Structures are given as structure tokens and as C-alpha cells.
Amino acid sequence: VAVDPNGNLYTTDDNDSRIRKITPAGEVSTFAGKEQQGFADGVALQAQFLPGMSLVADKQGNLFVSDGENSRIRKINAAGIVSTIAGTDHPGFQDGTGSNGWLAFPAGMTLDKNGNLFVVDRGNYAVRKITPAGVVTTVAGDGRLGFLDGDALHHAEFSDPRDIVIDSKGNLFVSDGNTIRKISVTGIVSTISGDINDSFADGEGTNARFNFPNGLTIDAHDNIYVSDLGNNRIRKISFQ
């Protein structure tokens, strides 16, 4: 789900290729996409997507769509026009601008205060950045499956990244396998909570255990909330 500046809620359905809008008054409508699945830009209700999308909204009312099965990042502007800002018709791993910036099954996204979009690039085991001008660069990971902390671009590896949030200082946090990883503003990846093995335990740092943590969100005090899917729980990570 995503919320725009006017309090409208946008949601996807894992088994559908449409994006729905729910107003503060509770009115539900189809905002973008149609029953026929596929790929097409254009007017929102004529555009085509594939199921399994992620969403984020900016302060100007633009909605960004991580269209994972199409390996593209799409934008729906306030006028209801869908365009592709990154990715192409085949999964790949390449930095570049627009369609020259390749992704593979992108998932969760977050925006920083400057309008830069950070994307979990699941198929490439990486985190990518897309500027407002559409320039795609790699923030962490190098396309290799693994699990290593360290320098974001030259050492760190991810095993199954799914969602991402950003704190007030610009640090990124990623749900990865059974852990929560941090990418600092200085470009260092560390594991802040969880372990490679699935389990359940509250506690401090890596003494805590998760089972397939999935969705993330963060509040104004930089507390992170985790949808711990395999444990059927909502968890909170605080830094006090």
C-alpha cells in the first residue's frame, strides 16, 4: 500500500494486475491497470501491469510502481499518465539512464527527501537508486547471491532482499532472508537484527530472530515495523 498527500490509499492485489484507490471516505475505485495483464504505458486505466507490484507515493502525488514481473519501475503522475522510468523488457543488471538501467524483478521501494527512489532489486540481490532524472545506479550488492556484511559495493552480499525503508539520517534498512540489514550513509552494510536461520525471539540486535520478514515501514522516530510473515506477527525495532 501507499498513501498520497491527500490521504488516499493505494493498494495492489497479488493476484491482480490493477491498482486500487481508497479515499478517506472509504470509496474504492480502480486507479490504474485493467483485467488484461501485460505491459503498456499510457492513460492509467488503459495501462497494463503484471501482478505482484509494490507502491510508493511522493509529496507531489506521483505514484511509483515496482512492476516486478515486467522488471520495470513505472510512474503514474498526478494527471493519471503511466510511464516507465527504468528497466526494459528483459531482466538484467546494468546501471544507466531510463531503459538503459536494467533491473531484475524489483520489489520494495522507498523515497528520500530529494526524490531519489531506492529499489530492492530482488533478482540481482542488490539495492538500486533511481534519481528524478531516471539515472539508475547500484547502492549495494553486485548481483551475487550470498550473505556478507561490509563495503556496500565491493563486499556486501544479499540472499533474499524484499523491502526497504529510509530513516531521517538517510540510512537504508532492508528485509533480507531472515534478517534486517542496514546500509549506512557511508556505504557500509551491517546486519542489525536476526540471523540466517528462521526462528522467533525478541531481543537486542542479532539475538532477535525472524521468519521471513517481509514488509517494512518506519515512523517519525525512526522505529522500524516489520511484517514477520512466517511468525504471523508485527515486530518493532527501536534504537533507544
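Predicted model, so just to flag it, every value in this text is computed and none were measured.
- Side-chain contact, Ser227 with Asn214: no donor N or O sits under 3.5 Å from an acceptor N or O.
- The shortest distance between side-chain heavy atoms of Glu157 and Phe147 does not fall below 4.5 Å.
- Counted within 6.0 Å of NE2 on His90, heavy atoms from surrounding residues, nucleotides or ligands total more than 12; the atom is thus considered enclosed.
- Partners of Asp228 under the salt bridge (Lys or Arg N to Asp or Glu O under 4.0 Å) rule, at least two apart in sequence or in another chain, are Arg235.
- Using a 4.5 Å heavy-atom cutoff, the side chains of Val120 and Phe158 are not in contact.
- Looking only at side-chain heavy atoms (C-beta outward), Leu145 and Ser159 come within less than 4.5 Å of each other.
- Looking at Lys169 and Asp167, no side-chain N of the basic residue comes within less than 4.0 Å of a carboxylate O on the acidic one, giving no salt bridge.
- Between Asp16 and Pro51 the shortest side-chain heavy-atom distance does not fall below 4.5 Å.
- Taking the side chain as every heavy atom from C-beta outward, Pro24 and Asn8 approach each other to under 4.5 Å.
- The minimum heavy-atom distance linking Pro91 with Ser71 is given by the pair CG-OG, 3.6 Å.
- Side-chain contact between Ile73 and Val136: absent, with no pair of heavy atoms (C-beta onward) separated by less than 4.5 Å.
- Remark: the Asp195 side chain and the Asn197 side chain contain an N/O donor-acceptor pair separated by less than 3.5 Å.
- Under a 4.5 Å side-chain heavy-atom criterion applied to ILVMFWY residues, the cluster that includes Leu50 comprises that residue alone.
- A salt bridge is defined here as a Lys NZ or Arg NE, NH1 or NH2 lying under 4.0 Å from an Asp or Glu carboxylate O, and Arg18 with Asp13 fails to meet this definition.
- Residues Thr12 and Phe49 are not in side-chain contact: their nearest non-hydrogen atoms beyond the backbone lie 4.5 Å or more apart.
- Contacts of Gln36 classified as side chain to side chain contact (heavy atoms under 4.5 Å, CB included), with partners at least two apart in sequence or in another chain: Lys34, Gln48.
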